[in-house]
Visitor: 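Below you will find the structure I want to go over with you.
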Amino acid sequence: MAPPRRSSACFGARLPETSSSYCRTWAKTDTILFLMEHYVDQWKSIVAAHLNALAEGKGLADLQFSPGKIIAERPPKPELGDIGFPMFPYAKPFRMAPAQIALEIARRGGGGAGGDGARDWPGDLKAVGPYLNVFLDRGRAVEYLLAHSKEDSWGSSPSLEGRRVMVEFSCPNTNKPLHLGHLRNNVLGESLARITAAAGAEVKKVNLINDRGIHICKSMLAYLTYGENRSPEDEGLKSDHFVGKYYVLFNKLAEEDPQAEQKAQELLQKWEAGDPEVIALWKKMNDWAIKGIMATYRRQQVSFDEFQFEHDTYKLGREEVLDGLARGVFYRGEDGAIWIDLEDLGLGKKVLLRKDGTSIYITQDIGTAIMRHETWPFDELVYVVASEQQYHFKVLFEVLRRLGYAWAANLYHLSYGLVNLPSGRMKTREGTVVDADDLIDELARLAAQEIVEKGRAEAVGDIQSVAEKIALGALHYYLLQISPNKDMLYNPEQSLSFTGDTGPYIQYMGARANSILRKYEQGEGNAAQGTADAALLASGADWPLVRLLMELPSTVEQSARGRDPSILAGYAHAVASEFSAWYRDNPVLSNDDANLSASRIALVRAVQATLRRACGLLCVPFLEAM
RNA sequence: GCGUUCGUAGCUCAGCUGGAUAGAGCGACGGACUUCGAAUCCGUAGGCCGCAGGUUCGAGUCCUGCCGGACGCACCA
């Protein structure tokens, strides 16, 4: 099998003993939200000032604490406060027990009576054991949430403002259709791009189509042998599947004809020589493949700002390598090829240009990166490529650095692991790879079946459309839920479950929120007679939900900074789960208190806005009803 | 052999710059629909965080070694 250029080999063999589910939780370690970051920063300054004052009071004037060095964390329970400052680190310099330091500072600054409370985020400082905790002014926080969650920009932050980030992903070969591994790549790239943009960056999504090379020639050769000039329409196949069929047939050919490999090579040489007949065939088959692949992109709802094609870029990089040779960055081996010595980094030696002067894989990547930076000067370029290519990218980045490109320091390989299946091993050779289109078809079929079985057919309206969205939500959420760098096991049935840490569960909670709002709009309940009041949402019943919702911006920011959509996925599930428990215990529409009812309607709006935004960033379609 | 990476509950996974009793979902067991959709919710059981050292007031988190899995180590892409 000719290895694919970029994203493939995403399969392994693993048979789980039982089917099971997947999830992650947000319960313990929520992050400090973006808008809370201001809050935390403000309070860090206050705590630092207190520590410095304490030091001075004890005659330890040489002790200095800067706000940036103060450690803040999230208390494990809401009753303990909203921000926690552990006092352990200060025990030694002050020669005091941590709990005592906390008490001392709380005594000095407690209550904010002396103007101690943060300006934008007032609250109280209290000693809780060895921790100094801040209790937010809840009414103020609720006001902030209700006001900001109404805005279209809810969840966005300016943390990456002014940065230009290019994201390369997908990069399919044009000899076969997309498979499950590509789906992980695609959704990772698309989601990362959306999250990065939400964090304020200017993002450009690029897709380098690998449309030339020996693997294409194999499909062509098999087609010449068995195709009899038929078209995809003749065989009733989606065009990329048609091309893929012949790629698989090449294996048969290779068994029948020992010369097959060599013939494919000859075809490649003719292609490079510009042989009109070969070019015509290549064009025809490529168009079929690309047309089909584009259809899958549309279905998966991923898109690109720019397509680049290997037949345009494969000659790039040669000049740069020769230039590097002239400048002594590289060397010519005794064999005549051009090498780079990376032994000092433990990366060995690597060929950059063949002895006959022709390019190899890395040569093109060198040239392509330079071309990209020239045409769209980026602050950062992220390559979404399977983990099997980690070595390749280490070498590539180092080569560019040694060529003198300062921006080489801003190249990043978002490495992701293999996707395994419960059904066992999949191999291209054996035609047992899980095809992307087939998989989505199957998921949509199961979802449609479920809609009917649950008697929701009438309520959802267009069953096929909703089923397709549930299928995508199930697939995408499942793929994004796991840390990118880890190998994963995709369980289709499990991903479609409406219970648990799944896409459909989150979609369902969004639909439930929407259902409450719809009834309100239709005049149900007495919320319309009341007035929303932030103070009414400051109780113990509503506060945990409010607290969580406020964390959307910081979670997006953290997700962007870590280049990790799974952080946001975990958050989305936490919101859905928290909302589920909340609306069970806290009547919204059927509430005697019209003002409380109106206030909770506002909170449900915030829930809906938060879920909608998170789903959007995770490529999980948001549903009004399901 | 060398390199990268992973190893947390039966299963699949979370645990942000080391910090408050290690979390979730599924599965198991037991509960909740005349009350905003039960495609849901609640409760219980279940873990020397691969092993051994080290750093630290404090380690699932950092360092070293070992064990186990995955991936890589082409003038292939």
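What's counted below: heavy atoms across the whole structure, side chains too, no hydrogens, waters or symmetry copies. Chain A is the first sequence line, chain B the second, and so forth, proteins listed ahead of strands; every chain is numbered from 1.
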Visitor: Decide ring-ring contact (aromatic ring centres under 6.0 Å, His included) for A:Y247 and A:H215; before the verdict, give the C-alpha distance in whole Å, the side-chain angles of both, and the deciding distance to 0.1 Å.
Guide: CA-CA 8 Å; A:Y247 184 65; A:H215 52 286; 7.3 Å; no
Visitor: Partners of A:Y391 by ring-ring contact (aromatic ring centres under 6.0 Å, His included), sequence neighbours excluded?
Guide: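 In terms of ring-ring contact (aromatic ring centres under 6.0 Å, His included), with neighbours along the sequence ignored, A:Y391 is linked to no residue.
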Visitor: For A:Q494 and B:G27, what is the distance between atoms CD and C1' respectively, to the nearest whole Å?
Guide: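 So the CD-C1' distance, A:Q494 to B:G27, works out to 9 Å.
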Visitor: Give a yes/no verdict on a cation-pi contact between A:R563 and A:Y412, requiring under 6.0 Å between NZ or CZ and the six-membered ring centre and an angle within 45° of the axis.
Guide: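 Yes.
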Visitor: Please work out whether the ring planes of A:W282 and A:W271 are parallel, tilted or perpendicular, with thresholds of 30° and 60°.
Guide: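 Plane angle over 60°, so perpendicular.
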Visitor: Write down the distance between CG (A:L496) and C1' (B:C26), rounded to a whole number of angstrom.
Guide: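 After rounding, the gap between these two atoms is 15 Å.
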Visitor: From CD of A:Q390 over to P of B:C6, roughly how many Å is that when rounded to an integer?
Guide: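 Value for this atom pair: 9 Å.
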Visitor: Roughly how far, to the nearest 0.5 Å, is the CZ atom of A:R212 from the OG1 atom of A:T313?
Guide: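 Those atoms lie 8.5 Å apart.
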Visitor: For A:Y391 and B:G3, is the gap between ring centres under 5.5 Å while the planes differ by less than 30°?
Guide: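 Base of B:G3: not stacked against A:Y391.
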Visitor: Any donor-acceptor pair, under 3.5 Å, between the side chain of A:N485 and the base of B:C6, if you only look at N and O atoms?
Guide: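 Absent.
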Visitor: C1' atom, B:C36 versus B:G19: distance in rounded Å?
Guide: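 Nearest-Å result for B:C36 against B:G19 at atom C1': 42 Å.
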Visitor: Please confirm whether the shortest side-chain N or O distance from A:S515 to OP1 or OP2 of B:G37 is below 4.0 Å.
Guide: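 The answer is yes; a side-chain N or O of A:S515 sits under 4.0 Å from OP1 or OP2.
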Visitor: Check whether any side-chain nitrogen or oxygen of A:K486 sits under 4.0 Å from OP1 or OP2 of B:G7, and answer yes or no.
Guide: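 A:K486 to B:G7 OP1/OP2: side-chain N or O found under 4.0 Å.
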Visitor: Which part of the nucleic acid does A:K77 contact within heavy-atom distance under 4.0 Å: base, sugar-phosphate only, or nothing?
Guide: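 Base contact - A:K77 has a heavy atom under 4.0 Å of at least one base atom.
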Visitor: Determine the contact category for A:A91: base if any of its heavy atoms lies under 4.0 Å from a base atom, sugar-phosphate if only primed atoms, P, OP1 or OP2 are that close, otherwise nothing.
Guide: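 Nothing: the residue A:A91, judged by heavy atoms under 4.0 Å, touches no strand.
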Visitor: For the side chain of A:A625, counting heavy atoms from C-beta on, which of B:C75, B:A20, B:G37 is nearest?
Guide: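 Shortest atom-to-atom distance from the side chain points to B:G37.
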Visitor: How far apart are the C-alpha atoms of A:E398 and A:K394, what are their side-chain angles, what is the distance that settles it, and do they pass the salt bridge (Lys or Arg N to Asp or Glu O under 4.0 Å) test?
Guide: CA-CA 6 Å; A:E398 183 60 18; A:K394 279 185 181 169; over 6 Å; no
Visitor: Give me the distance, rounded to whole Å, that separates B:C33 from B:A38 when you measure between the C1' atoms they each carry.
Guide: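 Taking atom C1' in both B:C33 and B:A38, they lie 6 Å apart.
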Visitor: Do A:D564 and A:S566 meet the criterion of a side-chain donor-acceptor pair at a distance under 3.5 Å?
Guide: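 Yes, side-chain donor-acceptor contact under 3.5 Å.
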Visitor: Quick one: list whatever passes ring-ring contact (aromatic ring centres under 6.0 Å, His included) with A:Y520, sequence neighbours left out.
Guide: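 ring-ring contact (aromatic ring centres under 6.0 Å, His included) check on A:Y520 returns nothing, list empty.
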Visitor: Of all of residues 92-101 of chain A, which get a heavy atom below 4.0 angstrom from RNA chain B, listed by number?
Guide: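 Within this stretch, A:K92 sit under 4.0 Å of the strand.
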Visitor: Could you give the CE-to-P distance, from A:M488 to B:G7, as a whole number of Å?
Guide: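 From A:M488 CE to B:G7 P: 15 Å.
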Visitor: Begin with the C-alpha distance, continue with both residues' side-chain angles, and end with the deciding distance and a verdict on salt bridge (Lys or Arg N to Asp or Glu O under 4.0 Å) for A:E551 and A:R74.
Guide: CA-CA 12 Å; A:E551 293 180 14; A:R74 174 71 182 279; 2.7 Å; yes
Visitor: The side chain of A:P89 lies closest to which of these nucleotides: B:A20, B:G19, B:C75?
Guide: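 The answer is B:G19, which lies nearest to the side chain.
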Visitor: B:G72 P sits how many Å from A:L345 CG, rounded?
Guide: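 In whole Å, B:G72 P and A:L345 CG are 22 Å from each other.
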Visitor: Within this structure, what is the CD-to-P distance between A:E458 and B:G37, rounded to whole angstrom?
Guide: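 So the CD-P distance, A:E458 to B:G37, works out to 16 Å.
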Visitor: Any side-chain to backbone donor/acceptor pair from A:N420 onto A:D487? Under 3.5 Å, distance only.
Guide: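 No.
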Visitor: Distance check, P atoms only: B:A39 and B:U34, in whole angstrom units.
Guide: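 That atom pair is separated by 14 Å.
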Visitor: What's the gap between B:C29 and B:G72 when it is taken at their C1' atoms, as a whole Å value?
Guide: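 Here B:C29 and B:G72 have their C1' atoms 46 Å from each other.
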Visitor: Write down the distance separating the C1' atoms in B:G25 and B:C42, rounded off to the nearest Å.
Guide: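 My reading of the C1' atoms in B:G25 and B:C42 gives 15 Å.
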Visitor: Could you check B:C33 for me: syn (within 90° of 0) or anti?
Guide: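 Classified syn.
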Visitor: Can you give me the N/O atom pairs linking the protein to nucleotides 39-45 of chain B at distances under 3.5 Å, or say none if there are none?
Guide:
residue, atom, partner, partner atom, Å
B:A39, N6, A:R456, NE, 3.4
B:A39, N6, A:M626, O, 3.1
B:U40, OP1, A:F498, O, 2.3
B:U40, OP1, A:T499, N, 2.6
B:U40, OP1, A:T499, OG1, 2.2
B:U40, OP2, A:T499, OG1, 2.3
B:C41, OP1, A:Y505, OH, 2.7
B:C41, O3', A:R584, NH1, 2.9
B:C41, O2', A:R584, NE, 3.3
B:C41, O2', A:R584, NH1, 2.4

Visitor: Looking at B:A14, I'd like to know if its phosphate oxygens (OP1 or OP2) sit under 4.0 Å from a side-chain N or O belonging to A:S483.
Guide: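 For B:A14, OP1/OP2 do have a side-chain N/O of A:S483 under 4.0 Å.
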Visitor: NA contact type, A:D585, heavy-atom cut-off 4.0 Å: base, sugar-phosphate, or nothing?
Guide: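 Nothing, no nucleic acid heavy atom in range.
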Visitor: Nearest-nucleotide wise, let me know which of A:D335 and A:L589 is further upstream toward the 5' end of RNA chain B.
Guide: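 Mapping each residue to its closest nucleotide by heavy atoms, the 5'-most match is A:L589.
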Visitor: Please give, in whole Å, the distance from B:G15 C1' to A:I482 CD1?
Guide: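 In whole Å, B:G15 C1' and A:I482 CD1 are 15 Å from each other.
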Visitor: Give a yes/no verdict on base stacking between B:G58 and A:F88: centres under 5.5 Å, planes within less than 30° of parallel.
Guide: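 Whether judged by distance or by angle, A:F88 falls short somewhere, so it does not stack on the base of B:G58.
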Visitor: Within the pair A:N591 and B:C36, is there a side-chain N or O less than 4.0 Å away from OP1 or OP2?
Guide: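 No, A:N591 has no side-chain N/O under 4.0 Å of OP1/OP2 on B:C36.
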Visitor: Between B:G58 and B:G43, how far apart are the two P atoms, rounded to whole Å?
Guide: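 So the two P atoms sit 36 Å from each other.
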Visitor: What verdict does the salt bridge (Lys or Arg N to Asp or Glu O under 4.0 Å) test give for A:E73 and A:K44, after you've listed the backbone C-alpha separation in whole Å, the side-chain angles of each residue and the deciding distance to 0.1 Å?
Guide: CA-CA 11 Å; A:E73 58 166 284; A:K44 274 184 179 177; over 6 Å; no
Visitor: For A:G336 and for A:P86, find the nucleotide of RNA chain B with the closest heavy atom, then tell me which residue's nucleotide is more 5'.
Guide: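 On the 5' side of the pair lies A:P86.
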Visitor: In chain order, what residues pass the ring-ring contact (aromatic ring centres under 6.0 Å, His included) check against A:Y508, with sequence neighbours excluded?
Guide: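 If we apply the ring-ring contact (aromatic ring centres under 6.0 Å, His included) test to A:Y508, skipping adjacent residues, there are no hits.
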Visitor: Could you tell me how far B:C13 sits from B:G50 if I compare only their P atoms? Round to whole Å.
Guide: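 Per the computed distance, 15 Å lies between those P atoms.
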Visitor: Is it true that the NZ or CZ of A:R184 lies under 6.0 Å from the centre of A:Y416's six-membered ring and within 45 degrees of the ring axis?
Guide: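 Checked: cation-pi criterion not met.
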Visitor: Can you check the A:Y383 OH to B:A77 P distance for me, whole Å?
Guide: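 Interatomic distance, OH of A:Y383 to P of B:A77: 16 Å.
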Visitor: May I ask you to verify if any side-chain N or O of A:K519 is less than 4.0 angstrom from the OP1 or OP2 atom of B:G37?
Guide: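 Yes.
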Visitor: Under 4.0 angstrom, heavy atoms only, what part of the nucleic acid is A:N133 near: base, sugar-phosphate, or nothing?
Guide: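 Base: the residue A:N133, judged by heavy atoms under 4.0 Å, touches a nucleobase.
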Visitor: Quick one: label A:A459 by what it contacts on the DNA or RNA (base, sugar-phosphate, nothing), any heavy atom closer than 4.0 Å.
Guide: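 Counting heavy atoms under 4.0 Å across all strands, no contact is made by A:A459.
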Visitor: Quote, to the nearest angstrom, the P distance that separates B:G15 from B:G68.
Guide: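 After rounding to an integer number of Å, I get 27 Å for this pair.
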Visitor: Does RNA chain B take part in any stems of at least 3 consecutive Watson-Crick or G-U pairs (both distances under 3.5 Å), and if so, which ones?
Guide: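 RNA chain B forms these stems: B:1-7 with B:67-73, B:10-13 with B:23-26, B:28-32 with B:40-44, B:50-54 with B:62-66.
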Visitor: Are A:K218 and A:E261 close enough, and set up right, to give a salt bridge (Lys or Arg N to Asp or Glu O under 4.0 Å), and what steps lead you there?
Guide: CA-CA 8 Å; A:K218 288 180 178 177; A:E261 288 280 349; 3.7 Å; yes
